[in-house]
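As the structure is a prediction and not an experimental result, all values here were calculated from the model. All values below come from the heavy atoms of this structure, side chains included, with hydrogens, waters and symmetry mates left out.
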Amino acid sequence: MDRGTERDAPASPGAGDGPAPDPAGAGRVPLAVVVVDRDGLVSHWSRGARRLFGVTKEQAVGQTAVDLLPVAGALPEEDETSPYGAYGSYDGLGPGLDGSLGARFSYPAAGRARLTVPGRDRVDVLWWAYPLVGPGPERLLVLAADTAGLCHDDVLDPAHERIAPGFALHTDFDGADELARRLPDILPSMSVGEGARIVAQVLELGYPVIEFSQNELVPVTPDWGVPRRVERLARREQAARAAAEGLDAGPDHPWGAGAEDAEDAEDLEYAAVREHLEFLNDVSARIGTSLDLARTIAEVSRAVVPRFTDVAGTYLREQVVAGEGFPEGVPDTTTLWHRVAVEHTDEPGRWEDVVPVGEAMPFPAHTPFFQCMTSGEPVLVPRVTEEMGHAIAAQFEKRDIRPLINGRSMLVVPLKARTVVLGFMILLRHPERAVFTDMDRVTGAELAARAGLVLDNARMYTYQENVAETLQDSMLPHIPARMAGCDIATRYLPGTLLGRIGGDWFDAVKLPGARTALVVGDVMGHGLNSAAMMGQLRTAVATMAALDLPPVQLLRNLDDLALRLGDGYLATCLYAVYDPIAGELLLANAGHIPPVLVRADDGRSELLDLPTGAPVGVGGVPFETVRVPVAPGDRLVMCTDGLVEMRGEDIGVGLATLCESAAHPAASMDDACDTIIRALNTRGGRKDDVALLMARLNGLAPEAVAEWRFPPDPVEVGRARAAVRERLHEWGLDRLAEPAALMVSELVTNAVRHCHHGPVALRLVRGDTLLCEVDDDDSELPSLRNADPDDESGRGLRVVSALAREWGTSRNATGKTVSFELTLPGG
């Protein structure tokens, strides 16, 4: 075996056999160096790799790494003849390297194998795989060494307990200067000074080397496997037999005190690994107890402080915090990261004043945070130097963060799921605490991986909830505060638990005759599907209401629609039509809770006694209409059961509270709604979403309505124009007289031309707008059409469309109604 002291002058460049033997127990052997790019292709193949694997550089570069580095997926059978034990006829560099080449390992790995090289006997090798941290075309560094240089008579030299690779800058390795500069990243638990020492020692050797020492811990130690465990057990059995026979095993005896010390060291190493595993299991049990994103963030931060670290700062992408989707891909220097949590053991306020939660910022490319989020790999900084502290602090305007980070050990771990970086955690230890090690790096990475999955689940759930809310909000109508003869106020409250977004809705639809349809409904179930079904049913109700269908017929059609949509499409619906001229309500109910009517004269409130009916979607259930007289100033309150229903409480209690709170006097409709919400929403225990609609039924005074009936005779068109002008003059609406008379002339002319028996009805209603309606007994609805220059008709509706604020047509019980509206002066 070639041996060399670490302090001796190295051989001249190009010396292929290495330095002279070293009696001190430390030395170097030749090393194969292979670099694999992100596509799994070999980008560098050293002379040592050519000697070890029997393939030239020209043959290797550009080829698939797994073809050149034989990898077997199964564990080998045991071979007692091998100095490393279990190999048998196994060829390859081991399943661990297979995982690294397949990008399944993100952290340093090591192993041993026996492979067949053309023209040589089977060769036992040790190998190491290091992901290259930071940007660049290469992603994996693979090192391998022939173990013959570490053995005496085919037996592993017991002096070499720890082995680590080093690099020579005078090799044919492209970019060796850059690699030497990044050596602490590649060997993450090795300090900057230690890395510089190794590079300096091998600078003149001219080839890659391996350095081994009995006394120093290094980043990756190969797993020597079962044979060492068998040897340890055999040692203990021999020691036990010696003790039983009364023999004294001295410290130099194979099973004496020295052996016991080695066993103690191994036990300590095992205990450290066990402690890390117990920590990860404990963290896994403490995080992800809910799908609430904010709670999950707090759980992750508190799980690591102070057991694993003294400071934990969590940063997430802006879109993750907002519960939005974002394009996949590597973040860049413009990506905003929100600081969502800072947990620490320092004195209160020390961190909060400098790095407050809620701040958003990008990170420059020179920072370890940027390296972590772009590579998706942990970045370990054993100690934050003055230079690095200054570089990090430069991004914090008007705040000096250096006293908080300088001299501390730092570990930056990515929070990612499904290869997407959601954020990262900055972990810092006090200067007096042990620095982060390679084992801590692996532990932190595993912790971050588990936390990333939990955060991603919460993010996706929050995203789905936001989609449902957005969908629901987009489908809830924007109802004007004033409609014909009534004032309206509404409220919608989402459920108090995640996943409670449902299908509650309300609506108000303008009907012919200055009437208004008021609707409240509730789709059974919660989530995106319920919100989507709500949109379908609300659109159907609005469409059928605009056709002026009677309430019973509308609910029957809605029931048929729900059956056609599929099984499980169930919803309750309360439909009311308010006629401000007749002063009455027509109501029909499909399984909904009854409305409350508050009387204006005495302030008394009552639940209207309506036939309950069955929810739409049940099928084959009859519905009934109830007529309720109302007076000007009465208020109608309609809501969904989420407002009055609570777990463990009779719904009658909630309905009684609804009646009582609805009767309280209020300065405005909005105040009246808020009074109801406060009375019912502060009791606690509400989980469902809530829809509330309140309408103050103002009515229309008789003098605000004018009606005429004309025979179906063309001469009556002139009389209709004169009647309109005269009434608008009486109402003080002279500015509207001429346009209104012109449009009435066109509509009455059409009605006279198309009606069958007459009469033609004309009605003017003065409310918030001027409404004009013309009825006849022809059920065919007119429509806009393009008239040719020679046509004598076909332009009437175009005149109406051009002059009116809005116009429309609808069928009624005897024929059709054509109407238009004009804006009142000052309106």
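- Between Trp337 and Met373 the shortest side-chain heavy-atom distance falls below 4.5 Å.
- The backbone N or O of Ile677 lies less than 3.5 Å from no partner atom in the side chain of Asp674, so there is not a single donor-acceptor pair.
- Using a distance-only test at 3.5 Å, with no hydrogens or angles considered, no donor-acceptor pair links the side chain of Ser409 to the main chain of Arg383.
- A search for side-chain contact (heavy atoms from CB on, under 4.5 Å) contacts involving Ile401 returns Val354, Val355, Ala393, Phe396, Leu404, Ile405, not counting sequence neighbours.
- Closest non-hydrogen pair, Trp351 versus His344, comes out as CD1-CG, 3.6 Å.
- Shown here for Gly503 and Asp689, the closest heavy-atom pair between the two residues is N-OD2, 3.9 Å.
- One N or O on the side chain of Thr539 and one on the backbone of Gly535 form a donor-acceptor pair closer than 3.5 Å.
- For His390, the NE2 atom is loosely surrounded, since the number of other residues' heavy atoms within 6.0 Å does not exceed 12.
- Atoms CG and CZ, on Asp332 and Phe370 in that order, are 6.5 Å from each other to the nearest 0.5 Å.
- One finds the CG atom of Asn406 at 8.5 Å from the CD1 atom of Ile392 (value rounded to the nearest 0.5 Å).
- With hydrogens and angles ignored, the 3.5 Å screen pairs no side-chain donor or acceptor of Thr314 with any backbone N or O of Val340.
- For an aromatic pair to be called close, the ring centres must be under 6.0 Å apart, and Phe369 with Tyr315 fails this.
- In terms of heavy-atom proximity, Thr345 sits nearest to Pro306 at CG2-CB, 3.6 Å.
- Of all heavy-atom pairs spanning Val523 and Ala571, the tightest one is CA-CB, 3.8 Å.
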Is there a side chain to side chain contact (heavy atoms under 4.5 Å, CB included) between Ile676 and Leu643 once you walk through the steps?
-> CA-CA 9 Å; Ile676 294 175; Leu643 184 61; 3.9 Å; yes
Worked check of side chain to side chain contact (heavy atoms under 4.5 Å, CB included) between Val379 and Leu411 | CA-CA 6 Å; Val379 176; Leu411 178 62; over 6 Å; no
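- Taking CH2 from Trp505 and OG1 from Thr490, the interatomic distance works out to 15.0 Å, rounded to the nearest 0.5 Å.
- Between the CG atom in Leu422 and the CG atom in Leu453 there is a gap of 9.0 Å [rounded to 0.5 Å].
- Here the CG atom belonging to Leu537 is positioned 12.0 Å from the CG atom belonging to Asp507, to the nearest 0.5 angstrom.
- Met533 is not listed as a side-chain neighbour of Met524, based on a closest heavy-atom distance of 4.5 Å or more.
- Ser301 places no side-chain N or O within donor-acceptor distance of the main-chain N or O of Ala298, the cut-off being under 3.5 Å.
- Between Leu316 atom CG and Met425 atom CE the span is 9.5 Å, to the nearest 0.5 Å.
- Side-chain N or O atoms of Arg429 include one that pairs as donor or acceptor with a backbone N or O of Ala434 at under 3.5 Å.
- Residues Asp440 and Thr437 have side chains that bring a donor and an acceptor to within less than 3.5 angstrom of each other.
- When all heavy atoms of Ala60 and Val42 are compared, the pair lying nearest together is O-CB, 3.5 Å.
- Residue Pro414 comes nearest to Cys372 through the heavy atom pair N-SG, 3.4 Å, listed as atom of the first residue, atom of the second, then distance.
- Glu386 CD: 12 or fewer foreign heavy atoms inside a 6.0 Å radius.
- When side chains are defined from C-beta on, Glu352 does not count as touching Val342, because their heavy atoms never get closer than 4.5 Å.
- Note on residues 354-371: pairs passing salt bridge (charged side-chain N to carboxylate O under 4.0 Å, His left out), not counting sequence neighbours, are Arg339-Glu359, Glu359-Arg399.
- Side-chain contact between Thr367 and Val412 is absent, with no heavy-atom pair separated by less than 4.5 Å.
- For the pair Asp37 (side chain) and Ser43 (backbone), a donor-acceptor distance under 3.5 Å is absent.
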Trace of the side chain to side chain contact (heavy atoms under 4.5 Å, CB included) decision for Val304 with Leu447 = CA-CA 9 Å; Val304 297; Leu447 164 69; 3.0 Å; yes
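- Residues Asp670 and Arg491 form a side-chain contact, since some pair of their non-hydrogen atoms from C-beta on lies under 4.5 Å apart.
- With sequence neighbours left out, Pro480 forms a side-chain contact (heavy atoms from CB on, under 4.5 Å) with Met483.
- No more than 12 heavy atoms of other residues, nucleotides or ligands lie within 6.0 Å of CD in Glu387, so this atom counts as exposed by the packing criterion.
- At least one donor-acceptor pair under 3.5 Å links the side chain of Thr309 to the backbone N or O of Leu428.
- A cation-pi arrangement is absent between Arg408 and Phe436 under the rule of less than 6.0 angstrom and at most 45 degrees off the ring axis.
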